[in-house]
Amino acid sequence: MPELPEVETVRTGLAQLLPNKLVTAVTTDTDKSFPNAPSDVKRFLIGASVTDVRRRAKVLLIDLNTGYTLVTHLKMTGQMVYRSNDDHERFGAGHPNDSLINSLPDRSTRVIIEFEDAKLFFNDQRKFGWIRLIPTIEVENLDFFKKVGPEPLSPEFTVQIFMERLQRRKNTNIKAALLDQTVLAGIGNIYADESLWGAKIHPSTLVKNVPDAKLKLLYTEIQYVLRLAIEKGGSTDKNYVNAEGKKGSYMSFARVFRRENLPCPRCGTTIIKTRVAGRGTHTCPKCQPEL
DNA sequence: CACTTGACCTGTCCGC
DNA sequence: TGCGGACAGGTCAAGT
């Protein structure tokens with residue numbers, strides 16, 4: 001479930017590892033994972049070198065010196081794991097540190113981008129994710145980027161803008177509004193539940209019925225939770241790992257997510273799991289009473 | 001247009 | 001032990 005903090009953690013890692021690396025070969029498992037025509041791959045990817053690694057919303061952008069960008073969405077189970085050839089030989093058959101995933105490629109590997117002295121593995125158990133090679137100047141014109149909302153940790157994202165944009169979804173529940181990427185970018189199921197608990201708002205409350213004071217609190221909680229999660233290297237519930245194949249530790253700081261039947265860290269009431277906006281949803285019934 | 005639901009996939013877990 | 005079904009949840013298409 002890579003959300004903003006997970007994708008940002010991968011970006012940070014790749015930004016230290018990839019610049020100036022020259023692509024020597026690419027292999028793909030399914031067209032769905034990497035749909036570009038072989039002729040484009042040969043012209044714009046093989047022989048190109050990486051100039052920058054960026055993130056917008058939950059999308060990873062690997063810029064190349066050919067004027068093309070590898071646009072990557074990890075969706076739910078995607079991983080981008082870098083291994084230098086030395087490390088791969090040394091750790092390929094498993095590593096004493098069990099936070100590292102095992103030898104690569106494995107059965108979830110969909111794309112391998114090879115460099116002169118390293119490989120980048122795109123693994124994706126459920127095949128929902130993808131990598132697309134797109135001209136850099138056209139990236140911002142992709143439908144998703146034209147519609148996506150502001151970055152919640154950018155200075156431009158003020159509490160006023162947050163409250164204005166929520167009004168697009170005033171008749172739906174607050175959790176569905178937070179998950180709507182056109183309202184704001186980067187929130188998924190984990191950080192929706194965590195920030196709503198922080199602001200003491202029940203996820204099924206209609207946006208128009210949430211008092212302004214609570215929305216202001218929610219704005220603060222979203223930024224707090226996302227920043228903390230980035231600091232902890234993201235959340236590993238099951239599949240997520242960073243660019244080095246290591247897990248994130250936010251889950252051990254989570255207050256409600258995946259903590260059903262455990263005590264609320266604020267009041268001790270037993271946390272419950274329900275379904276809101278079609279998603280598994282975790283709340284404290286005392287801190288977040290339903291209206 | 002606003003909003004909800006189902007589809008896309010595979011692996012895991014639970015009940016029979 | 002095996003087997004069917006529910007569940008995991010980001011995004012888009014299709015439906016109301």
Side-chain angles (χ1 to χ4, degrees), chain A residues 1-10 28-35 55-61 71-80 101-102 105-111 122-132 134 139 142-149 151-152 164-196 203-209 226 229 234-241 247-248 250-251 254 256-261 272-283:
Chain A
M1 307 116 257
E3 305 179 26
L4 187 154
E6 289 73 33
V7 181
E8 178 61 20
T9 302
V10 173
T28 68
D29 170 332
T30 66
D31 285 350
K32 188 177 172 180
S33 299
F34 190 60
R55 179 192 60 77
R56 174 78 171 99
K58 300 172 190 171
V59 179
L60 195 62
L61 303 164
V71 182
T72 300
H73 203 306
L74 303 175
K75 290 289 180 84
M76 260 97 73
T77 56
Q79 305 173 331
M80 287 291 257
I101 61 175
N102 288 327
D106 63 22
R107 63 180 163 168
S108 75
T109 299
R110 308 299 171 203
V111 180
F122 173 57
N123 306 320
D124 186 19
Q125 176 187 106
R126 290 171 71 179
K127 300 182 185 175
F128 289 159
W130 41 258
I131 303 177
R132 293 178 203 160
I134 292 174
V139 169
L142 294 172
D143 280 351
F144 178 84
F145 286 112
K146 283 196 288 191
K147 291 189 297 186
V148 73
E151 287 292 323
E164 277 169 30
R165 295 189 71 84
L166 276 175
Q167 294 313 305
R168 310 160 146 244
R169 303 297 306 271
K170 62 181 158 67
N171 290 316
T172 193
N173 62 69
I174 185 73
K175 179 160 179 176
L178 290 183
L179 294 173
D180 182 344
Q181 301 297 297
T182 71
V183 172
L184 75 164
I187 302 219
N189 206 37
I190 298 173
Y191 304 109
D193 280 5
E194 289 290 291
S195 56
L196 287 166
S204 59
T205 314
L206 297 184
V207 171
K208 63 185 175 189
N209 293 337
L226 294 178
S235 298
T236 296
D237 183 28
K238 191 162 163 28
N239 288 277
Y240 168 75
V241 294
K247 298 176 179 179
Y250 178 84
M251 287 298 276
V256 284
F257 191 80
R258 287 292 146 77
R259 285 178 47 80
E260 59 268 32
N261 302 320
I272 58 172
K273 184 175 180 184
T274 58
R275 212 158 176 85
V276 178
R279 310 298 161 98
T281 297
H282 310 76
T283 57

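Heavy atoms only: backbone and side chains are in, while hydrogens, waters and symmetry mates are out. Within every chain, numbering begins at 1; the chains are lettered A, B, ... in the order of the sequence lines, protein sequences first and strands thereafter.
Here T172(A) does not reach the OP1 or OP2 of dA2(B): none of its side-chain N or O atoms lies under 4.0 Å away. Contact between the side-chain N/O atoms of K32(A) and the OP1/OP2 oxygens of dC8(B) is not found at any separation under 4.0 Å. Between N171(A) and dC3(B), a side-chain N or O to OP1/OP2 separation shorter than 4.0 Å is present. Side-chain nitrogen and oxygen atoms of K273(A) include at least one within less than 4.0 Å of the OP1 or OP2 phosphate oxygen of dA8(C). Side-chain N/O atoms of K127(A) include none lying less than 4.0 angstrom from OP1 or OP2 on dC8(B). Under 4.0 angstrom from either OP1 or OP2 of dC9(B) there lies no side-chain N or O belonging to Q125(A). Contact annotation: H73(A) side-chain N/O to dG10(C) OP1/OP2 distance is not under 4.0 Å. Contact annotation: R279(A) reaches the phosphate of dG10(C) (side-chain N/O to OP1 or OP2, under 4.0 Å). For R275(A), no side-chain nitrogen or oxygen approaches OP1 or OP2 of dG9(C) to under 4.0 Å.
Straight-line distance between the P atoms of dG9(C) and dC3(B): roughly 23 Å, to the nearest whole Å. Spacing between dC9(B) and dA14(C) at atom P, rounded to whole Å, works out to 15 Å.
Taking atom CZ of R168(A) as the reference point, atom P of dT4(B) lies 16 Å away to the nearest angstrom. We find that CH2 of W130(A) is positioned 16 Å from P of dC9(B), with the value rounded to whole Å. Protein atom NZ of K75(A) is 8 Å distant from nucleotide atom C1' of dC12(C), rounded to whole Å. Atom pair E3(A):CD and dG10(C):C1' shows a separation of 9 Å (rounding to whole Å applied). Between K208(A) atom NZ and dC3(B) atom C1' the separation is 12 Å, expressed in whole Å. Between R126(A) atom CZ and dG10(C) atom C1' there is a gap of 10 Å when expressed in whole angstrom units. Rounding to whole angstrom units, NZ of residue K238(A) and C1' of dT10(B) are separated by 10 Å. For the pair I190(A) CD1 and dA8(C) P, the interatomic distance rounds to 13 Å; values are reported in whole Å.
Listed nucleotides: dG9(C), dG10(C), dT12(B). Nearest to the side chain of L179(A): dG10(C). Nearest to the side chain of F128(A), among dC9(B), dT11(C), dA8(C), sits dC9(B).
F144(A) does not qualify as a stacking partner of the dT11(C) base, lacking a centre-to-centre distance under 5.5 Å together with planes within 30°.
Residue Y240(A) is classed as having no contact, given no heavy-atom separation below 4.0 Å to the nucleic acid.
Nearest-nucleotide assignment on DNA chain B puts the 5′-proximal partner with G278(A), out of R110(A) and G278(A).
In this model, a donor atom of one side chain and an acceptor atom of the other lie less than 3.5 Å apart for Y191(A) and E6(A).
By the 4.0 Å N-to-carboxylate-O rule, K58(A) lies too far from E3(A) to be salt-bridged with it.
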Between T281(A) and K175(A), is the side chain to side chain donor-acceptor pair (under 3.5 Å) condition met? List the steps. CA-CA 9 Å; T281(A) 297; K175(A) 179 160 179 176; 2.8 Å; yes

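Of the candidates D124(A), N123(A), N239(A), T77(A) forms a side chain to side chain donor-acceptor pair (under 3.5 Å) with just one, namely D124(A).
Separating the CZ atom in R126(A) from the CZ atom in R110(A) is a distance of 12.0 Å, to the nearest 0.5 Å.
Across all strands shown, dA8(C) is found opposite dT10(B) as a Watson-Crick or G-U wobble partner, with both distances under 3.5 Å. Remark: dT16(C) base-pairs with dA2(B); criterion is Watson-Crick or G-U wobble with both hydrogen-bond distances under 3.5 Å.
For the residue pair F145(A) and R56(A), the shortest heavy atom distance occurs at CE2-CG, 3.3 Å.
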